[in-house]
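Working notes, structure below.
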Amino acid sequence: MDVYRITKEPIDVEEALQAIADPAVGAQAIFLGTVRNEFEGKSSQGLYYDAYVGLAEKELAQIGAELKDEFGARHVVLIHRTGDLPVGAISVLVAVSTGHRPEAFEAARHGIDRVKARVPIWKKEHWSDGGDAWHHDPTAFGLT
Amino acid sequence: MDVYRITKEPIDVEEALQAIADPAVGAQAIFLGTVRNEFEGKSSQGLYYDAYVGLAEKELAQIGAELKDEFGARHVVLIHRTGDLPVGAISVLVAVSTGHRPEAFEAARHGIDRVKARVPIWKKEHWSDGGDAWHHDPTAFGLT
Amino acid sequence: MSQDITVTTLFFSFAADRMNCRNKNYVIPQGTTLGEMVHLLQPQLGPDSTHWLYSVNEEWASGERPLEDGDEIAVIPPVSGG
Amino acid sequence: MSQDITVTTLFFSFAADRMNCRNKNYVIPQGTTLGEMVHLLQPQLGPDSTHWLYSVNEEWASGERPLEDGDEIAVIPPVSGG
């Protein structure tokens with residue numbers, strides 16, 4: 001079974017494992033992105049994630065189809081959480097199941113890379129010193 | 001926290017996630033090996049795993065130390081189950097957490113590769129037609 | 001004779017900060033393309049906005065796309081999910 | 001004058017099938033090396049057994065290792081975990 005979802009709810013790893021289970025499958029790879037307590041050496045209290053939900057879910061499904069075509073993934077789960085997330089929370093989950101292990105790693109690796117590169121989701125750092133900064137904002141990280 | 005274990009009990013993914021959690025961590029990669037319903041095209045009912053438990057647990061810990069040294073893994077969980085396992089059961093779990101995602105995939109990939117190559121564990125196929133065969137037994141798979 | 005159409009435009013991340021809003025309706029001449037619309041927004045969105053991605057009705061769209069009445073345009077600054 | 005020692009040998013996987021047991025005690029002369037012990041087992045373990053790995057007291061060991069009274073030797077045919 002496949003799941004492509006943008007959600008405000010905590011990500012449930014067990015649900016993903018159930019979705020990718022299959023008697024024909026020998027390998028499952030799961031990637032979890034978690035909120036860190038720092039970014040580039042600066043202390044952080046957490047992240048806020050914004051998303052364009054409709055397009056984001058379509059893009060997740062598109063990426064899932066690619067993982068099946070290119071790496072033989074049998075089942076794909078791509079879930080990204082939005083809203084305010086504390087340090088340690090799971091922000092994104094990629095789970096795939098395949099016949100054998102090399103494809104499982106390939107599919108999961110390309111899955112998270114493509115989610116990060118293409119899905120309309122944005123994160124804002126809540127610095128411990130009180131400030132906020134959108135990632136990739138040229139003015140926020142002294143890029144201009 | 002690290003876990004290196006050979007066990008007859010079902011593998012608990014949630015326990016592994018708790019063990020590798022860390023506020024300084026941004027990436028977690030988990031690999032699960034599951035029992036397939038076929039091997040090289042022949043229908044199978046499940047697997048029996050035998051292990052030399054004492055040496056196997058030492059070797060798991062050695063591999064964990066390597067994943068920390070070579071790929072900067074902060075926490076490592078390596079668990080392998082033994083006994084009779086039905087199709088779909090998780091036979092092996094590799095879970096690592098790292099600062100960023102490339103190292104998470106590298107560490108998990110090398111983790112499962114080294115477990116399969118070095119840890120004294122052996123599997124026997126329970127064919128659907130009633131026969132049994134130890135993997136790597138030269139007489140069992142027509143290798144002689 | 002060209003009529004006017006109304007489109008809804010969505011802003012996210014620092015584009016929303018720059019626009020001071022999450023969405024806004026624009027009345028524009030029929031036949032306006034997405035590229036012309038982006039040009040219209042550029043003074044407030046910033047010069048980098050011409051390199052961003054855009055969608056119309058939840059599908060990626062290029063600058064040549066003619067806009068229609070009721071279209072939902074989304075301004076997609078560089079993404080940072082994960 | 002050499003005394004005899006007793007060692008325990010563990011068999012796994014198809015090595016256990018070939019030996020018809022999971023473990024067996026052997027009384028061997030003091031000073032026997034692991035390699036000599038493997039040579040002793042080879043007729044029943046099979047010719048491929050000289051390429052297998054062996055451990056003594058839960059540590060990987062090479063053929064030159066002298067065995068001592070009470071040692072636990074494990075015969076490790078090619079592994080197949082995962």
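Throughout, a chain's letter reflects where its sequence line sits, starting with A, and its residues are numbered from 1. Keep in mind the model is a prediction, meaning the values are calculated, not measured.
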Task: Toward chain D, the part of Arg81(B) with a non-hydrogen atom under 4.5 Å - done: neither
Open item on the list: Just so I understand: if I count every heavy-atom pair under 4.5 Å between each of Leu55(B), Val92(B), Leu47(B) and chain D, which residue has the most?
Closed with: Leu55(B)
TODO: Taking heavy atoms only and a threshold strictly under 4.5 Å, list by residue number the residues of residues 17-27 of chain D that touch chain B; give 'none' if the list is empty.
DONE: Asp17(D), Arg18(D), Arg22(D)
Open item on the list: Is Lys58(B) in contact with chain D via its backbone, its side chain, both, or neither, using a 4.5 Å heavy-atom distance?
Closed with: side chain
Open item on the list: Using only non-hydrogen atoms and a strict under-4.5 angstrom cutoff, which residues of residues 51-73 of chain D touch chain B?
Closed with: Ser55(D), Asn57(D), Glu58(D), Glu59(D), Trp60(D), Glu72(D)
- [ ] Quick one: which of Lys124(B), Glu59(B), Lys123(B) has the most heavy-atom pairs under 4.5 Å with chain D, could you say?
- [x] Lys123(B)
Task: Atom pair OG/OH of Ser13(D) and Tyr48(B) - distance to nearest 0.5 Å - done: 10.0 Å
Task: Toward chain B: residues of residues 75-82 of chain D with heavy atoms under 4.5 Å - done: Ile76(D), Pro77(D), Pro78(D), Val79(D), Ser80(D), Gly81(D), Gly82(D)
- [ ] To the nearest 0.5 Å, tell me how far Tyr52(B) OH sits from Phe11(D) CZ.
- [x] 12.0 Å
Task: Heavy-atom contacts under 4.5 Å, residues 16-38 of chain B to chain D - done: none
Task: Nearest-0.5 Å distance that lies between atom CZ in Phe14(D) and atom CG in Asp50(B) - done: 12.0 Å
TODO: Could you look at Val119(B) and say if it's the side chain, the backbone, both or neither that has a heavy atom under 4.5 Å from chain D?
DONE: backbone
Open item on the list: Please classify the contact between Ala117(B) and chain D as side chain, backbone, both or neither, with a heavy-atom cut-off of under 4.5 Å.
Closed with: backbone
